[in-house]
Amino acid sequence: MTRMAVREVIGIDGTSLVYRVFGSETAPVLVLLHGWAQSSRCWGDGVLDALARDFRVVAVDLRGHGYSQAPETGYADRSLWAGDLAAVLAAENVSETNPAVLLGWSYGGLVICDYLAEHGAGAVAGLVFVGAITSIGRGEKGGRVGASMRAAIPAAMSEDPKEAVRALGSFGNALTGPVVEGSALLEGKGAVSQALFGASLCTPPRVRAALFDRAVGNDDLLADLDVPVLLLHGDADSVVDVSAAHHAASLLRRATTSIWEGVDHGPFVEDPHRFVSEVGEFARTATAEAATREDRQQGSMEG
């Protein structure tokens with residue numbers, strides 16, 4: 001297993017944010033942002049270890065999740081979400097001369113958009129949206145949810161344990177794909193499914209509710225972006241509808257779309273090898289392109 005460092009930064013409102021770092025300190029930075037009611041453990045050790053062979057992987061616990069602090073308010077304030085990510089990037093020495101690839105799964109995609117809206121893309125080499133929303137609110141095409149999510153709301157936010165367990169359990173295998181006992185391909189998926197379910201229950205009900213108590217559209221932001229973007233989405237995603245990815249692709253100037261047939265909301269669980277391969281290839285190319293661009297700018301300044 002790759003050596004891990006656990007680090008803490010403080011957000012602009014004083015919130016303690018915890019994240020884990022894997023890989024060489026001199027490798028290109030790849031930042032992973034998990035989804036609603038999850039944590040940085042969602043990616044699994046195998047995926048983190050594999051990505052850390054080529055990147056310095058920074059896996060963040062979003063505010064209100066995992067080991068990060070859960071303030072009472074502020075979850076509808078995009079400047080706070082943006083400030084959280086900016087604090088992590090600053091602590092890891094990410095800048096215009098040392099840009100990072102940002103990867104957001106599910107709600108993590110919205111947090112990336114919060115950051116871009118407040119800080120721009122100067123320190124960004126590329127973006128990966130995995131089963132992600134890019135907007136939220138009634139009528140927002142970039143935030144369209146699937147049947148499993150619709151079935152879970154609003155009971156998944158309940159303080160009543162029985163009601164919350166039943167609602168979150170209605171996700172079934174949406175985060176992992178089919179769990180079939182005895183299958184070599186699916187070995188261990190039952191344990192992963194339970195771990196992800198546990199992470200959802202560990203997220204305070206008020207946080208689960210607060211993350212949906214906001215409305216923001218980012219279509220104009222996406223249309224103005226001039227960085228490479230990988231849109232990775234399962235066509236059977238029952239949490240974030242695949243139409244959200246197609247909508248983003250229609251707006252982005254430099255989008256690469258990878259739609260996985262028959263895959264639900266957790267492609268990195270259903271096929272971790274393919275996930276590492278596609279994300280790794282994209283991130284290496286985006287990082288190399290950013291380095292070339294920086295060299296040209298530096299040469300122009302010297303000339």
Side-chain angles (χ1 to χ4, degrees), residues 2-35 39-41 43 48 51-52 54-71 73-105 107-129 132 134 216 218 221 224-229 279 283 286-291 293-295 297-298 301:
T2 305
R3 187 173 180 179
M4 175 187 70
V6 179
R7 297 173 182 168
E8 178 190 28
V9 293
I10 304 300
I12 59 176
D13 64 341
T15 297
S16 168
L17 305 161
V18 176
Y19 63 98
R20 299 183 295 154
V21 181
F22 305 80
S24 169
E25 290 292 321
T26 61
V29 179
L30 173 62
V31 180
L32 307 182
L33 303 177
H34 64 78
S39 78
S40 65
R41 298 188 64 84
W43 310 106
L48 293 171
L51 289 173
D54 295 316
F55 304 98
R56 174 153 52 103
V57 179
V58 178
V60 182
D61 280 344
L62 298 177
R63 61 172 49 225
H65 299 74
Y67 286 104
S68 289
Q69 192 175 357
T73 60
Y75 297 97
D77 187 341
R78 82 178 316 164
S79 69
L80 296 181
W81 290 107
D84 291 350
L85 182 49
V88 172
L89 296 182
E92 294 304 311
N93 298 312
V94 172
S95 65
E96 291 191 10
T97 58
N98 183 38
V101 172
L102 308 181
L103 183 154
W105 173 45
Y107 201 93
L110 186 63
V111 175
I112 287 176
C113 290
D114 289 333
Y115 170 81
L116 295 171
E118 295 288 320
H119 298 278
V124 176
L127 302 171
V128 184
F129 291 120
T134 54
V216 59
N218 289 307
L221 182 150
D224 288 340
L225 273 179
D226 191 24
V227 297
V229 181
V279 170
T287 300
E289 178 185 311
R293 185 170 60 247
E294 174 61 23
D295 287 343
Q297 292 174 347
Q298 187 66 30
M301 291 174 60

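Note that these values count all heavy atoms, side chains included, but never hydrogens, waters or copies made by symmetry.
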Subject >> From OH (Y107) to NE2 (H65), nearest 0.5 Å >> reply: 8.5 Å
**OP:** Indicate yes or no for a side-chain donor-acceptor contact from R7 to the backbone of Y19 under 3.5 Å, with no hydrogens or angles considered.
**Re:** no
Original post:
Is the shortest heavy-atom distance from the side chain of L48 to the side chain of L32 under 4.5 Å?
Top reply: yes
Original post:
Below 4.5 Å, heavy atoms only, C-beta onward: do F22 and L51 meet side chain to side chain?
Top reply: no
Original post:
Do L17 and S68 have side-chain heavy atoms sitting under 4.5 Å apart?
Top reply: yes
Subject >> For the student: nearest non-hydrogen atoms of V18 and Y67, plus distance >> reply: CG2-O, 3.4 Å
Original post:
With a 4.5 Å limit on heavy-atom distance, are the side chains of L89 and Y115 in contact?
Top reply: yes
Original post:
Hey, is the main chain of N93 close enough, under 3.5 Å, to the side chain of N98 for a donor-acceptor pair?
Top reply: yes
Original post:
Looking only at heavy atoms, which two atoms of A87 and I10 are closest? And how far apart?
Top reply: CB-O, 3.9 Å
Subject >> pair L110-W81: side-chain heavy atoms closer than 4.5 Å >> reply: no
Subject >> E118: partners by side-chain hydrogen bond (donor to acceptor under 3.5 Å, both in side chains), with sequence neighbours left out >> reply: none
Subject >> Within-4.5 Å side-chain heavy-atom neighbours: R41 and H34 >> reply: no
Subject >> Approximate separation, where rounding is to 0.5 Å, of L80 CG and T73 OG1 >> reply: 8.0 Å
Subject >> Non-hydrogen atoms of G126 and A286 that approach each other most closely >> reply: CA-CB, 4.2 Å
Original post:
Has the side chain of D61 got a donor or acceptor atom that lies under 3.5 Å from a matching backbone atom of S40?
Top reply: yes
Subject >> Sequence neighbours excluded - side-chain hydrogen bond (donor to acceptor under 3.5 Å, both in side chains) pairs with any residue from residues 119-129 >> reply: none
**OP:** Could you pull out the closest heavy-atom pair between A123 and V94, with the gap in Å?
**Re:** O-CG1, 3.6 Å
**OP:** State, yes or no, whether a side-chain contact exists between F55 and V279 at a heavy-atom distance under 4.5 Å.
**Re:** no
Subject >> L225 CG to C113 SG distance, which is reported to the nearest 0.5 Å >> reply: 7.5 Å
Subject >> Side chain to side chain, D84 and V111, heavy atoms closer than 4.5 Å >> reply: no
Original post:
Taking only residues two or more places apart in sequence, or in another chain, which ones meet T26 in a side-chain hydrogen bond (donor to acceptor under 3.5 Å, both in side chains)?
Top reply: S24
Subject >> Nearest heavy atoms of V124 and V227, plus distance in Å >> reply: O-CG1, 3.9 Å
Original post:
How close do A125 and P99 get, heavy atom to heavy atom, and via which atoms?
Top reply: N-CB, 3.7 Å
Original post:
Under the side-chain contact (heavy atoms from CB on, under 4.5 Å) test, which residues partner A90, sequence neighbours left out?
Top reply: none
**OP:** Tell me, please, which residues at least two apart from R78 pass salt bridge (Lys or Arg N to Asp or Glu O under 4.0 Å).
**Re:** D114
Subject >> Those residues that, when tested against D13, pass salt bridge (Lys or Arg N to Asp or Glu O under 4.0 Å) (two or more places apart) >> reply: R63
